[in-house]
Amino acid sequence: MTASQFQQIKSFLIRLSRQLNFGASAYRLGLAQYGQDIRVEFLLNQHQTKQETQAAVNCKAAKLADIVFIIDESGSIGVQNFQLVRSFLYSIMNGLEISPSKVRVGIVMYNEKPTAQVYLNSFRTKDELLNFIKILPYRGGGTNTGAALNFTRENIFVTEKGSRKDKGVEQVAVVITDGDSQDAVSEEATELRRAGVTVYSVGVENANYEELMMMASYPPQKHVFIVDSFTKLKSLEQSLQKTLCYNIIRQAVSVGTRSSSIKEGLSSTDWNKANLCVSFAGCIQTEEADIFFLIDQSGSIYPADFVDMKKFLLEFIETFRIGPQYVRLGVAKYADSPTLEFDLTTYTDKKTLEEAVQRIQQVGGGTETGKALTFMSQLFKTAMKTRGHKVPDYLVVITDGKSSDEVKAPAEALRAQGVTVYAIGVKSADVQELEEISNDPKRTFFVNDFDALNPIKDDIITDICTTEVCKDVPGDLMFLVDSSGSIYPEDYEKMKDFMKSVISTSFVGQDNVRIGVMQFSSTQEVEFNLNTYFTKNGILEAVDAMRQKGGGTLTGRAISEVSQYFSPAQGGRPELQQRLVVITDGEAQDEVKAPAEALRAKGVLVYAIGVMEANTTQLLEISGSPNRIYAERDFDALKDLERQLSLELCDPERGFLCGQLRRPGNSLHEHH
């Protein structure tokens with residue numbers, strides 16, 4: 001049997017699981033595969049609901065992670081509600097590929113004290129773990145969530161208890177709680193995240209929203225889940241499981257790259273550089289820019305937080321092509337008054353810059369951000385003189401508190417000089433003040449702790465790099481968008497806004513980037529071809545005029561149909577880079593793997609974006625690479641993707657740019 005034929009059988013099973021009424025007293029589904037040997041996937045009594053049955057089929061691609069569930073068992077939950085927690089855990093774990101070589105699971109229960117119920121190496125089989133979940137003990141008591149976070153970091157995510165963090169396997173914690181913690185959680189959660197653990201927080205009933213946000217990884221909208229009663233935990237199963245599976249799949253790319261890099265003799269330092277390079281090699285093409293960092297060194301910042309800030313700077317240095325004729329970096333500090341740590345001309349290569357950042361010392365004091373912004377104005381004027389001509393200027397401001405002086409006027413003066421300002425607020429920073437500094441919501445960031453600076457770095461670098469990278473990259477871009485009846489009208493408009501935002505960053509023109517759009521549901525409809533419009537305004541107006549079709553979700557047929565629109569007869573230029581962006585909110589009702597493979601065989605790069613109920617495994621089949629799939633909880637989350645996708649589309653061959661990390665016979669690029 002071919003892979004395509006196997007996928008057709010799998011698609012049939014998924015459709016069957018959707019159409020029948022599954023339950024203990026209704027239809028039951030069991031599954032076994034056979035070749036020379038027989039392997040039972042799941043028994044008739046293993047999945048009691050339709051959601052569980054679909055999850056078992058849908059999460060097969062998520063194969064490598066260490067996941068620890070940290071579960072509140074305090075007295076406020078009660079015996080009856082804890083049974084719902086057991087059912088929730090059972091359902092989530094049932095959909096994962098659990099085994100010693102794939103997904104490992106641990107369980108920590110806590111009241112006043114945490115207890116390890118399951119280590120990451122406790123069970124050899126999934127059935128053993130699921131059977132234990134059914135009898136998971138409940139003791140009642142208090143709620144010391146902070147102690148549980150520390151215990152998990154020190155005793156569960158360790159190699160001797162089955163953690164594979166030293167092999168680069170993703171480390172994940174899922175905290176489930178129903179109320180206020182009776183001890184502190186902020187620093188404890190920060191230390192867990194600093195240890196490399198991605199943290200999800202699930203709040204039920206009277207859970208403290210602020211604490212959930214403190215615990216979760218950044219961005220919180222992707223890592224915090226809230227329901228107002230234990231009976232509604234069931235409604236969270238699919239969204240949490242989908243999120244876990246998607247992140248496991250995405251992380252597998254890094255693990256695979258890291259493993260092969262280690263085999264080829266790269267040190268851990270070179271691996272970090274390679275990972276940055278693969279992510280943002282487009283920034284090497286950012287020929288000229290002057291970037292200053294203005295960092296708060298006031299006394300309210302803990303020493304460990306100041307170290308996180310320096311790490312943030314170091315990763316910026318790794319990303320750009322540093323040199324007098326390329327990107328220059330400088331750092332200023334401030335508390336009660338600003339001081340220049342080093343100017344743009346002080347260090348002219350990465351090595352000396354990194355050493356200088358490592359030497360930065362925190363002095364302490366108050367927080368006068370306005371005075372510091374005024375101080376930066378002259379530095380940027382001097383920068384133009386030392387460069388000899390005007391280049392893009394950027395200022396990245398990091399602060400942890402409200403300024404004791406006025407920031408709006410000095411920030412406006414800087415922007416009037418042509419400086420693009422990013423404002424990053426941490427902990428007690430004032431969000432309104434941050435917006436006054438940047439004057440752009442997309443360049444304003446707020447995080448609960450300094451360890452979250454790392455993911456923000458990606459957003460800022462993407463924003464800096466996209467315009468430069470996109471300038472000289474002509475190509476063809478088609479959008480294939482789901483127009484089925486399951487999408488609410490307001491969500492359909494958000495999808496159009498997402499497309500318009502990506503289009504706005506493209507250099508549209510007959511000899512530059514050509515753009516086309518096709519909608520699909522049960523049928524397909526081309527809105528405009530690659531050669532219909534050659535102006536950005538024309539394309540944006542055409543997207544505005546799109547109307548939703550309604551109907552089913554025949555994604556495979558749509559991919560087959562859109563293939564012809566990349567041909568010269570339809571305005572396509574096969575000799576250039578050709579890309580397809582598929583956006584869907586549901587599971588395809590037909591087979592997608594073979595049509596997508598056929599399209600990619602023609603040289604078209606395919607990006608798959610799934611929202612709401614989209615099937616993560618199908619997204620992987622559509623794109624052919626975990627690097628090009630995106631799964632979002634709702635259509636609002638598409639906004640978070642705009643800059644990231646824009647850079648990806650401009651620079652899809654980004655791995656080939658990492659020349660400084662190559663040795664003869666060794667290339668660190670993505671295989672398409």
Side-chain angles (χ1 to χ4, degrees), residues 282 466 469-483 495-496 498-521 523-546 549 554-584 592-609 619 621-625 627-629 645-654 656 670-672:
T466 300
V469 175
C470 290
K471 274 182 186 172
D472 304 312
V473 189
D476 299 334
L477 171 62
M478 284 289 297
F479 288 92
L480 180 59
V481 296
D482 189 341
S483 190
M495 186 162 58
K496 286 165 58 175
F498 172 74
M499 284 195 291
K500 287 190 292 183
S501 178
V502 174
I503 291 164
S504 295
T505 64
S506 301
F507 283 75
V508 174
Q510 186 169 355
D511 298 322
N512 295 311
V513 176
R514 298 183 183 181
I515 293 174
V517 175
M518 174 187 277
Q519 296 200 70
F520 74 95
S521 55
T523 58
Q524 308 84 41
E525 181 180 330
V526 175
E527 292 294 326
F528 50 90
N529 291 348
L530 290 166
N531 57 0
T532 305
Y533 302 104
F534 293 128
T535 67
K536 194 173 291 186
N537 284 342
I539 293 171
L540 294 175
E541 287 172 5
V543 172
D544 267 331
M546 287 170 55
K549 293 164 56 65
L554 296 180
T555 315
R557 187 181 297 176
I559 293 171
S560 295
E561 184 69 17
V562 81
S563 178
Q564 63 183 291
Y565 292 93
F566 286 98
S567 67
Q570 303 291 346
R573 297 166 292 176
E575 72 278 8
L576 298 179
Q577 188 64 253
Q578 294 188 306
R579 294 141 295 179
L580 174 69
V581 176
V582 182
I583 310 174
T584 181
V592 299
K593 189 174 183 181
E597 283 177 343
L599 181 61
R600 296 197 307 270
K602 291 183 176 182
V604 177
L605 284 179
V606 183
Y607 297 81
I609 301 173
L619 296 177
E621 291 171 348
I622 291 169
S623 72
S625 167
N627 270 353
R628 293 191 292 275
I629 68 169
L645 183 65
S646 295
L647 183 60
E648 287 272 351
L649 291 173
C650 289
D651 186 30
E653 301 287 348
R654 61 199 183 281
F656 287 97
E670 175 188 2
H671 297 284
H672 300 295

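Nothing here was measured: the structure is a model prediction, and the numbers come from that model. The residues of the chain are indexed from 1 along the displayed sequence.
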Novice: State whether the side chain of Ser625 and the backbone N or O of Asn627 hold a donor-acceptor pair below 3.5 Å, judged by distance alone.
Specialist: yes
Novice: Dump the intermediate steps for side chain to side chain contact (heavy atoms under 4.5 Å, CB included) on Gln570 and Val526, then the final yes or no.
Specialist: CA-CA 11 Å; Gln570 303 291 346; Val526 175; over 6 Å; no
Novice: Is it the case that the side chain of Arg628 and the backbone of Leu605 share a donor-acceptor pair, with hydrogens and angles ignored and the cut-off at 3.5 Å?
Specialist: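 No, Arg628 side chain to Leu605 backbone: no donor-acceptor pair under 3.5 Å.
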Novice: Could you point out which residue of Glu527, Gln524, Lys549 forms a side-chain hydrogen bond (donor to acceptor under 3.5 Å, both in side chains) with Gln519?
Specialist: Glu527
Novice: Looking only at heavy atoms, which two atoms of Thr535 and Val508 are closest? And how far apart?
Specialist: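 For Thr535 versus Val508, the nearest heavy atoms are C-CG1, 3.8 Å.
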Novice: Please find the pair of heavy atoms, one from Thr555 and one from Val582, that lie closest to each other, and give the distance.
Specialist: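 Scanning both residues, the minimum pair turns out to be CG2-CG1, 4.4 Å.
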Novice: Test side chain to side chain contact (heavy atoms under 4.5 Å, CB included) on Leu530 and Met478; report intermediate values, then the result.
Specialist: CA-CA 7 Å; Leu530 290 166; Met478 284 289 297; 3.9 Å; yes
Novice: Any idea which heavy atoms bring Phe566 and Pro574 closest together, and the distance?
Specialist: O-CG, 4.0 Å
Novice: Would you find a donor on one side and an acceptor on the other, under 3.5 Å apart, between the side chain of Ser563 and the backbone of Ile559?
Specialist: no
Novice: Minimum heavy-atom separation for Ala569 to Asn531, with atom names?
Specialist: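 Nearest pair, atom of Ala569 first, then Asn531: O-ND2, 4.5 Å.
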Novice: Under the 3.5 angstrom rule, does the side chain of Arg557 hit a backbone N or O of Ser521 as a donor-acceptor pair?
Specialist: no
Novice: Where is the tightest heavy-atom contact between Phe507 and Asn512, given as atom of each residue plus distance?
Specialist: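 So the two residues come closest at O-CB, 3.0 Å.
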Novice: Taking C-beta and beyond as the side chain, do Leu576 and Arg514 meet within less than 4.5 Å on heavy atoms?
Specialist: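 Of all side-chain heavy-atom pairs linking Arg514 with Leu576, none is under 4.5 Å.
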Novice: Examine distances only and state if a side-chain atom of Lys496 and a backbone atom of Asp544 form a donor-acceptor pair shorter than 3.5 Å.
Specialist: yes
Novice: Locate the shortest heavy-atom distance separating Phe479 from Leu580; write the atom from each residue and the value.
Specialist: C-CD1, 4.4 Å
Novice: Looking at Arg573, Arg579, Lys602, which hits salt bridge (charged side-chain N to carboxylate O under 4.0 Å, His left out) with Asp476?
Specialist: Arg573
